[in-house]
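All values below come from the heavy atoms of this structure, side chains included, with hydrogens, waters and symmetry mates left out. All values derive from a computational prediction rather than experimental measurement. In this chain, numbering begins with 1 at the start of the sequence shown.
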Amino acid sequence: MDRRQLLVGGAAAGLTANSACASLTGAAWADQVVWRFGDLDSIRAPLTLEGAPRRVDGPASAGGGALLFDGVDDALFIGRHPLAGAATFAFETVFRPDGGAFEQRWLHLQSDEEVAPGQTPVGTRFLFEIRVYGDQWALDAFVKGPTYNQTLLFPDRLHPVGRWHHVAQTYDGTTYRSFVNGELQGQAAIAFTPQGPGRASVGTRINRVNHFNGAIAEARFTRRSLRPDQFTGVRPA
């Protein structure tokens, strides 16, 4: 049986939260896009579900709902790159990692590159990943483009599985930074240039490897850098 389901302009039955949440979609600011995964109607782009991700309760600060992924074949593909064209950014998510495989790639923004015959695409992208160490995990934030290729992974900065966390990656024009629950994980100077239009995957890398085991409540994309006190998120309970 084909387990893929194309969703355009609406959510799958049983996955849409209270329709009143639709009034919360769009931007808190004109330069911001918010995706609430407990309310797939908030993602105004073509959607394709694979496997059987299901709606579960999430933190109230992220709309009260989330999408649960099984770490095997559950995934959501979105026909939009919400940070395309942004010269600075804040890319935030609220998620709950539940352990499992060591390497999990769970939110991927990919540019669609046009290359001449014989040339290899750069692979311009943003990634949120985790590395799992028993009942703890470390954040891996990654960004790649024609003039930059930077990983922010710090295995000594560990956080508990099974709890809701806020993570972010930002760029202010000179420095790329990553955060967990508002705390800086690390930073590096990069020569970032805006990425082009493209697509996204949630719960897996865009090529369907390294699936995520856990729940994702929200992703928030702002076309300017933010300070930690400006983040929208949760602290571990």
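Using a 4.5 Å heavy-atom threshold, the side chains of Arg223 and Thr88 count as separate. Contact of the His211 side chain with the Val72 side chain is not registered, since no non-hydrogen atoms from C-beta on lie closer than 4.5 Å. Taking 4.5 Å as the limit, every side-chain heavy atom of Phe192 sits out of range of all side-chain heavy atoms of Thr174. Taking 4.5 Å as the limit, some side-chain heavy atom of Gln104 sits within range of a side-chain heavy atom of Val132. Contact of the Phe179 side chain with the Val167 side chain is not registered, since no non-hydrogen atoms from C-beta on lie closer than 4.5 Å. At least one side-chain heavy atom of Leu76 sits under 4.5 Å from a side-chain heavy atom of Leu40. Between Arg36 and Ile43, every side-chain heavy-atom pair lies at or beyond the 4.5 Å cut-off. Taking 4.5 Å as the limit, some side-chain heavy atom of Arg205 sits within range of a side-chain heavy atom of Arg125.
Residues that satisfy the side chain to side chain contact (heavy atoms under 4.5 Å, CB included) test with Thr124, not counting sequence neighbours, are Ser111, Glu113, Val122, Pro146, Tyr148, Gln195. Residues passing the ring-ring contact (aromatic ring centres under 6.0 Å, His included) test with Tyr176, sequence neighbours excluded: none.
In this structure, CG on Leu127 lies 4.5 Å from NE2 on His108, to the nearest 0.5 angstrom. To the nearest 0.5 Å, atom CG of residue Asp74 and atom CZ of residue Phe212 are 11.0 Å apart.
Each ring pair (Phe, Tyr, Trp, His ring centres under 6.0 Å) pair with one or both residues in residues 47-85, not counting sequence neighbours, appears once here: His81-Phe126.
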- Message: Between Glu183 and Arg157, is the salt bridge (charged side-chain N to carboxylate O under 4.0 Å, His left out) condition met? List the steps.
- Response: CA-CA 10 Å; Glu183 297 292 329; Arg157 295 181 175 270; over 6 Å; no
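Electrostatic pairing of Asp73 and Arg208 does not count as a salt bridge here, judged by no charged N lying under 4.0 Å from a carboxylate O.
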Quiz: residues 133-141 side-chain donor-acceptor pairs under 3.5 angstrom, not counting sequence neighbours:
from	atom 1	to	atom 2	distance (Å)
Trp137	NE1	His159	O	3.4
Trp137	NE1	Pro160	O	3.2
Asp140	OD2	Arg131	NH2	2.9

Would you tabulate the side-chain donor-acceptor contacts of residues 94-102 under 3.5 Å, counting partners in other chains and residues two or more places apart, or write 'none'?
from	atom 1	to	atom 2	distance (Å)
Arg96	NE	Asp98	OD1	2.9
Arg96	NE	Asp98	OD2	3.4
Arg96	NH2	Asp98	OD2	2.9

Could you go through residues 197-204 and list every donor-acceptor pair under 3.5 Å that involves a side-chain atom there, pairing it with any protein atom two or more places apart or in another chain?
from	atom 1	to	atom 2	distance (Å)
Arg199	NE	Asp112	OD1	3.0
Ser201	OG	Thr204	O	2.7
Ser201	OG	Ile206	N	3.2
Thr204	OG1	Val209	N	3.3
Thr204	OG1	Val209	O	3.1

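Residues Phe128 and Phe91 bring their aromatic ring centres within 6.0 Å.
No donor-acceptor contact under 3.5 angstrom links the side chains of Thr170 and Asp172, judged on distance only. Judged purely by distance below 3.5 Å, without hydrogens or angles, the side chains of His165 and Asn181 pair a donor atom with an acceptor atom.
The nearest pair of heavy atoms linking Asp41 to Arg44 is O-CG, 4.0 Å. Annotation for Gln32 and Val34: closest pair OE1-CG2, 3.8 Å, computed over non-hydrogen atoms. In terms of heavy atoms, Ala84 sits closest to Gly196 at CB-O, 3.4 Å. Minimum interatomic distance between Ser225 and Gln230 (heavy atoms only, all atoms of both residues): O-OE1, 4.5 Å.
Below 30°, between 30° and 60°, or above 60°: for Trp35 and Phe221 the angle between ring planes is above 60°, a perpendicular geometry.
The environment of Glu103 atom CD is dense: over 12 non-hydrogen atoms of other residues, nucleotides or ligands sit within 6.0 angstrom.
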